2 protein chains.
Amino acid sequence: MSDMQSGENLLFLTDEQLRQGIEAMFFAYRGFTADPDRILATMAYGRAHHRAIHFIARSPGTTVNNLLGILGVTKQSLNRVLRTLIADGLVESRVGSSDKRERHLHLTEEGAALERKLSDAQRARMRAAYRAAGPEAVAGFRQVLEAMMDPEMRRKYHAIREAES
Amino acid sequence: MSDMQSGENLLFLTDEQLRQGIEAMFFAYRGFTADPDRILATMAYGRAHHRAIHFIARSPGTTVNNLLGILGVTKQSLNRVLRTLIADGLVESRVGSSDKRERHLHLTEEGAALERKLSDAQRARMRAAYRAAGPEAVAGFRQVLEAMMDPEMRRKYHAIREAES
DNA sequence: ACATTACGTCAGCTTTGTTGACATTCCAAG
DNA sequence: CTTGGAATGTCAACAAAGCTGACGTAATGT
């Protein structure tokens with residue numbers, strides 16, 4: 001641990017280092033979405049559909065409102081996406097049993113199949129990157145990403161795992 | 001269907017860990033763009049303008065074609081953005097001296113001022129995240145991001161620094 | 001009873017990406 | 001010196017995915 005930086009050797013905080021980090025995020029995010037994008041381009045779907053499918057798969061039975069909070073878009077925008085997914089039989093919308101105003105969202109078999117296809121592609125790249133960098137790098141990666149989130153998003157990021165018991 | 005975890009304990013490569021990494025990328029990227037987006041929203045500009053301004057600032061005199069390769073969009077899409085930036089006096093387009101077909105792009109004083117404003121905001125968040133995570137985490141962060149890029153993008157990512165002599 | 005919440009939908013607009021077609025300018029090779 | 005191809009720009013049309021605003025309905029909570 002070389003971070004006894006009372007001597008102020010904060011080389012990793014120079015503007016140049018920060019700029020490189022910014023550019024790394026930009027280029028890496030392109031890679032991050034490239035594989036699912038290629039698959040989606042062959043269908044009538046886009047990145048917005050992928051995001052919806054991902055989080056429905058992750059939290060089956062989630063409500064529309066909850067999904068809105070996670071995705072950070074308007075209900076009109078999400079509704080357009082959900083409507084096509086429901087019409088195409090990839091997502092099922094069930095009226096809530098306790099609160100009948102809510103719609104609980106689930107993937108159908110077909111929806112789960114697409115989710116798996118997209119997820120497999122994205123995880124394969126992630127796995128390759130993790131393997132190349134090693135476990136300690138991965139731990140650092142996760143730490144920095146988490147510190148970069150808005151507090152509310154960080155809360156939601158953790159909430160997803162707490163919910164799945 | 002897991003890998004045979006031969007010698008090492010490859011816990012960091014489980015599907016659950018990979019999913020968490022995917023979600024961390026998603027939420028962190030939102031934070032990453034949030035501050036510049038807020039600034040841009042007050043003007044008639046968007047994220048596309050920010051990207052153009054960033055890379056012109058980084059490589060002054062870069063050509064349109066080079067910028068196209070970095071940004072990964074069509075020339076029509078980039079041209080629309082550049083046209084407004086040039087019309088608004090933030091970017092200057094100079095005909096190449098050796099090859100007069102090329103246009104070399106530079107920021108004007110006004111353009112550089114906006115770049116600084118956007119960059120300051122984005123670097124502030126980056127700096128806070130780096131400081132919170134520490135230098136070793138930052139090293140890991142950079143390693144994983146780089147491993148995540150497409151090879152061609154990785155090449156361009158490095159080329160930017162080589163070019164600035 | 002009444003206000004609020006959750007959801008859906010219609011209409012219209014913006015940004016940012018895409019194709020395709022075509023003109024101009026200019027370097028370089030035949 | 002002509003001509004092919006590269007680099008750039010522009011027009012038109014379109015699509016994905018975000019936005020605001022307005023309105024309706026059903027269920028819930030006070």
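This one's a predicted model, so the numbers in the text were calculated from it and none came from an experiment. Letters A, B, ... mirror the listed sequences (proteins, then strands); counts begin at 1.
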Visitor: Would you indicate whether the side-chain heavy atoms of A:Phe26 and B:Leu145 approach each other to under 4.5 Å?
Guide: no
Visitor: Is B:Arg80 touching bases, backbone alone, or none of the nucleic acid, heavy atoms closer than 4.0 Å?
Guide: base
Visitor: Give me the residues of residues 60-73 of chain A where at least one heavy atom lies under 4.0 Å from an atom of DNA chain D, by number, or none.
Guide: A:Gly72, A:Val73
Visitor: Map B:Ser97 and B:Thr74 onto DNA chain C by nearest heavy atom, then report which one ends up closer to the 5' terminus.
Guide: B:Thr74
Visitor: Could you check whether A:Ser98 gets within reach of a base, just the sugar-phosphate, or nothing at all, counting any heavy atom under 4.0 Å?
Guide: sugar-phosphate
Visitor: May I have the distance from B:Arg47 (atom CZ) to D:dG18 (atom C1'), rounded to whole angstrom?
Guide: 10 Å
Visitor: Can a salt bridge be assigned to the pair A:Asp150 and B:Arg125 using a cut-off of 4.0 Å between side-chain N and carboxylate O?
Guide: yes
Visitor: Whole-Å distance between C:dG17 C1' and B:Leu78 CG?
Guide: 12 Å
Visitor: Can you tell me if B:His49 touches the phosphate of C:dT16, counting only side-chain N or O atoms and a distance under 4.0 Å to OP1 or OP2?
Guide: yes
Visitor: State whether A:Arg83 places a side-chain N or O below 4.0 Å from either non-bridging phosphate oxygen (OP1 or OP2) of C:dT9.
Guide: yes
Visitor: May I ask you to say whether B:Glu92 pairs ionically with B:Arg94, meaning some side-chain N is under 4.0 Å from a carboxylate O?
Guide: yes
Visitor: Less than 3.5 Å between a donor and an acceptor, one on the side chain of A:Gln76 and one on the base of C:dG12, is that the case here?
Guide: no
Visitor: Which nucleotide, D:dG5, D:dA17, D:dA22, lies nearest any side-chain atom of A:Ala48?
Guide: D:dA17
Visitor: Expressed in angstrom and rounded to an integer, what is the separation of B:Glu102 atom CD from D:dG5 atom P?
Guide: 20 Å
Visitor: Would you say the side chain of B:Ile70 lies within less than 4.5 Å of the side chain of B:Met153, judging by non-hydrogen atoms?
Guide: no
Visitor: Between A:Arg116 and A:Glu110, does any side-chain N to carboxylate O distance fall below 4.0 Å?
Guide: no
Visitor: Can you tell me the distance, in whole Å, between the CG atom of A:Asp37 and the P atom of C:dG17?
Guide: 13 Å
Visitor: Would B:Arg19 and B:Glu23 pass as an ion pair if we require N to O under 4.0 Å?
Guide: no
Visitor: Between B:Arg103 and D:dG9, is there a contact of a side-chain N or O with OP1 or OP2 at under 4.0 Å?
Guide: yes
Visitor: Considering every strand and a 4.0 Å limit on heavy-atom distances, what is the contact class for A:His104: base, sugar-phosphate, or nothing?
Guide: nothing
Visitor: Hey, does the Lys NZ or Arg CZ of A:Arg47 hover above the aromatic six-ring of A:Tyr45, less than 6.0 Å from the centre and inside 45° of the axis?
Guide: no
Visitor: Check this for me: does the side-chain of A:Arg101 come within 3.5 Å of the base of D:dT28 through a donor and an acceptor?
Guide: no
Visitor: Kindly point out which of C:dC26, D:dC23, D:dG18 is positioned nearest to the side chain of B:Lys100?
Guide: C:dC26
